[in-house]
Student: 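One structure, pasted below without further comment.
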Amino acid sequence: MEENTVEAEKFQAKIDAEIKIEPKDWMPDAYRKTLIRQISQHAHSEIVGMLPEGNWITRAPNLRRKVALLAKVQDEAGHGLYLYSAVETLGADREDTIDDLHTGKAKYSSIFNYPTLTWADIGAIGWLVDGAAIVNQVALQRTSYGPYSRAMIKICKEESFHQRQGYEIMTVLANGTPEQREMAQDALNRWWWPSLMMFGPRDDESPNSQRSIAWKVKRHTNDELRQQFIDMTIPQAEILGLQVPDPDLKWNEARGHYDFGAIDWDEFYHVIKGDGPCNKERVKARKDAKEKGAWVREAATAYAEKRKQRASSMAVGA
Amino acid sequence: MSDKKNWPLWEVFVRSRQGLHHKHVGSLRAADAQMAIENARDVYTRRSEGVSIWVVESEHISASSPDEQGPLFEPANDKVYRHPTFYTVPDGVEHM
């Protein structure tokens, strides 16, 4: 107990001095658990996030759009893998982590439970959903856990194209035919509020936030990041000539920020709890992928085993 | 159930261009070395980050322990005479 207190003080001193915590360093159990939960949720979000966009790969309007979307979805897969590796450095078993997603024990970003109804949704996702993710992830580059921080740096570097390709899609639609313009506006209407929810509950409803900030797992509160996202996104909407679906939105000179209307938190909790439009479909797609791919993994294991045995029997023969 | 069994964990090192060291970039799971290299190509070098990849099974890496950090590295801390700035040379001496 005594020793633990000394270790805990040394740990906090490192955090305060901006020294990163690495996998084999001593860390409080609660810090480890918080990270496993947060990083695995983040990994699951990358993986599930491939589904709504993958839906449009075969129907992309031209080759330029198709290669961009393919590259983006492939990046999300890579980002999921960096993050699963980071979870493993904390002692979590990778397959257990993935199974937790499939049993519903682990969560992922609620935004991916909304459907992609039109091509404009691919534009809106890149612009808004990736835009919100980038705000969150840029802040997390400075998180206190080394492997998580390094994964974030790599992810941020790769994601800047994701947002730009989405905004490019929106630009073309917003300046296209009246139908295309309407499609872009409709996508913005549907994705705006769920994007704001991506930053999580309000600070006064987010009980673990303060502790995560003391540990520098999080560097900014949910509300700070949400405000930052709104402030940078409104001028982008104005350039598109589209209307953000919030009648209460207006610039507040005194605060130097946009004021915005009330978020429907009932909807947020409803979707988080599993009752969003696509929750069941998303988890089923992941479970099916794992179960139907089992024979491939088994075959690869058997093949690796056979090659190993052949190599060792040849060595004996020689 | 075999489904539950993880493939071995591999550490991935990438040489970003000729003339530089291979540098650790992360890890991944793969059934064997060949698959580890192929997967590393897709996971860690999607944007021409590498010209060469090393993979090594993580269990084959021996690492110093954080607890030994003091005894292991402190001996170097008081040996300032290992650095050029420890030595004084007269003003005006060049190329040294």
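This one's a predicted model, so the numbers in the text were calculated from it and none came from an experiment.
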Student: If we define contacts as heavy-atom pairs under 4.5 Å, which of A:Lys308, A:Glu305, A:Lys24, A:Glu22 has the most with chain B?
Tutor: A:Lys24
Student: Do B:Asp42 and B:Glu38 come within less than 4.5 Å of each other through their side chains, counting heavy atoms only?
Tutor: no
Student: Please output the residues of residues 64-92 of chain A in contact with chain B, using a heavy-atom cutoff of under 4.5 Å, in numerical order.
Tutor: A:Gln74, A:Asp75, A:Gly78, A:His79, A:Leu81, A:Tyr82, A:Ser85, A:Glu88
Student: Can you tell which part of B:Glu11 gets under 4.5 Å to a heavy atom of chain A, answering side chain, backbone, both or neither?
Tutor: neither
Student: Report yes if the side chains of A:Tyr145 and A:Val217 come closer than 4.5 Å at any heavy-atom pair, otherwise no.
Tutor: no
Student: Are side-chain heavy atoms of A:Ile122 and A:Glu53 found at a separation under 4.5 Å?
Tutor: yes
Student: For the residue pair A:His102 and A:Arg286, establish whether any side-chain heavy-atom pair is separated by less than 4.5 Å.
Tutor: yes
Student: Within the 4.5 Å heavy-atom criterion, are A:His42 and A:Gln38 side-chain neighbours or not?
Tutor: no
Student: Only heavy atoms, only distances under 4.5 angstrom. Which residues in residues 149-168 of chain A are near chain B?
Tutor: A:Lys154, A:Glu158, A:Phe161
Student: Are there more than 12 heavy atoms of other residues, nucleotides or ligands under 6.0 Å from atom CH2 of A:Trp26?
Tutor: yes
Student: Would you confirm whether A:Ser144, through its side chain, and A:Ile15, through its main-chain N or O, come within 3.5 Å as a donor-acceptor pair?
Tutor: no
Student: Looking at B:Ser65, B:Ser27, B:Ala63, which has the largest count of heavy-atom pairs under 4.5 Å with chain A?
Tutor: B:Ser27
Student: Are the side chains of A:Tyr303 and A:Arg307 in contact, using a 4.5 Å heavy-atom criterion?
Tutor: yes
Student: Do the rings of A:Tyr31 and A:Trp215 sit parallel, tilted or perpendicular, given the 30° and 60° boundaries?
Tutor: perpendicular
Student: Flag the pair B:Ser16 / B:Lys23 as yes when at least one side-chain heavy-atom distance between them is below 4.5 Å, and no otherwise.
Tutor: no
Student: Would you say that B:Tyr44 contacts B:Glu49 through its side chain, given a criterion of any heavy-atom pair below 4.5 Å between the two side chains?
Tutor: no
